[in-house]
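Heavy atoms only: backbone and side chains are in, while hydrogens, waters and symmetry mates are out.
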Amino acid sequence: MNEMSELKRQEEQAASNEHDTQKGKYMTFKSGNEYFGLEIQYVNEIIQFQAITAIPETEDYIKGLINLRGKVIPVVDVRLRFKQEPFEYNDRTCIIVINVKSMMVGLIVEKIAEVVEIKEENILPPPSIGRADKSHHKYVYGIGKVGNTVKLLLDPDKLLNDDDLTVMEQANDMVLEEE
């Protein structure tokens, strides 16, 4: 019994160490003139832009579904989600596949910047000034200071509301039924 508890303790410590190595690390990307950051723990992978199957009667920022190695994943255009001007997709455009509320979702971004480490003491709350005209600030939980620049840190759970997730799950179910 003692050997089993020691193995369990080691597994928990390994899981904790993995989480610790990701703590404070952010995947940053460009959208419009601003740079945003997502905690690395939410990021599953980054893929090249690919063909998207549209979902009828959804919000304009929900671009549709992609097939990623047999798994159907809904895709959201970050610029449109933040009510920015649409942009033409190009060879720098990619999709960040993240895990939101135990669902895989793709975020279309203009370009990936880098992975940066931002210590907690360098994260400030978002300013309340001018919030009315900056609708994307409701998705921002903090401002990360990185050298002489700042990154707007996103809360992935707020990028999609419950209605969006329901629509995406229903579309996903329909695709699975067709197969």
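- Taking the charged nitrogens against the carboxylate oxygens, E120 and K23 do have a contact shorter than 4.0 Å, which makes a salt bridge.
- Counting heavy atoms from C-beta outward, I143 and K151 have side chains that stay 4.5 Å or more apart.
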Side chain to side chain contact (heavy atoms under 4.5 Å, CB included) assessment of V140 paired with D155: CA-CA 6 Å; V140 174; D155 181 346; over 6 Å; no
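- Considering only heavy atoms from C-beta on, Y35 stays 4.5 Å or farther from T149 through its side chain.
- Within the 4.5 Å cutoff, side-chain heavy atoms of F87 are placed close to those of D77.
- Side-chain contact annotation: Y139 with D157, donor-acceptor N/O pair under 3.5 Å absent.
- Under a 3.5 Å cut-off, the side chain of T28 and the backbone N or O of E114 do form a donor-acceptor pair.
- Here F82 and Y61 keep their ring centres 6.0 angstrom or further from each other.
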Steps toward side chain to side chain contact (heavy atoms under 4.5 Å, CB included) verdict (V116, K25): CA-CA 6 Å; V116 295; K25 291 204 170 40; over 6 Å; no
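- Counting heavy atoms from C-beta outward, I123 and Y26 have side chains that approach closer than 4.5 Å.
- You'll find the side chain of F29 reaches within 4.5 Å of the side chain of L38, heavy atoms only.
- Here CD1 of I55 is found 5.5 Å from OG1 of T58. Values are rounded to the nearest 0.5 Å.
- Side-chain contact between M27 and I46 is present, with at least one heavy-atom pair separated by less than 4.5 Å.
- Heavy atoms only, all atoms of each residue included: N67 and G70 are closest at OD1-N, 2.8 Å.
- Side-chain contact between I108 and I52 is present, with heavy atoms from C-beta onward closer than 4.5 Å.
- L153 CG to Y141 OH: the interatomic distance, rounded to the nearest 0.5 Å, is 4.5 Å.
- M103 contributes atom CE, which lies 11.0 Å from atom CD1 of I98 (distance to the nearest 0.5 angstrom).
- L107 CG to C94 SG: the interatomic distance, rounded to the nearest 0.5 Å, is 10.5 Å.
- Applying the salt bridge (charged side-chain N to carboxylate O under 4.0 Å, His left out) test between E110 and each of K30, R92, R79 identifies R79 as the sole match.
- Taking E121 as the reference, nothing meets the salt bridge (charged side-chain N to carboxylate O under 4.0 Å, His left out) condition, with sequence neighbours excluded.
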Salt bridge (charged side-chain N to carboxylate O under 4.0 Å, His left out) between E59 and R81, intermediate numbers included: CA-CA 9 Å; E59 298 288 340; R81 182 64 175 130; over 6 Å; no
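- Checking V75, I47, N44 one by one against L68, the side chain to side chain contact (heavy atoms under 4.5 Å, CB included) holds for a single residue, I47.
- In this structure, I66 and V72 have side chains that are not in contact, with every pair of non-hydrogen atoms separated by 4.5 Å or more.
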Side chain to side chain contact (heavy atoms under 4.5 Å, CB included) between V97 and I73, worked out: CA-CA 8 Å; V97 180; I73 297 173; 4.1 Å; yes
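- Residues Q84 and G32 come closest through the heavy atom pair OE1-N, 3.9 Å.
- To the nearest 0.5 Å, atom CD of residue E39 and atom CD1 of residue I118 are 9.5 Å apart.
- A distance of 12.0 Å separates CG in L65 from NZ in K71, rounded to the nearest 0.5 Å.
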Pair F49-I95, side chain to side chain contact (heavy atoms under 4.5 Å, CB included): steps then yes or no: CA-CA 6 Å; F49 188 79; I95 300 173; 4.2 Å; yes
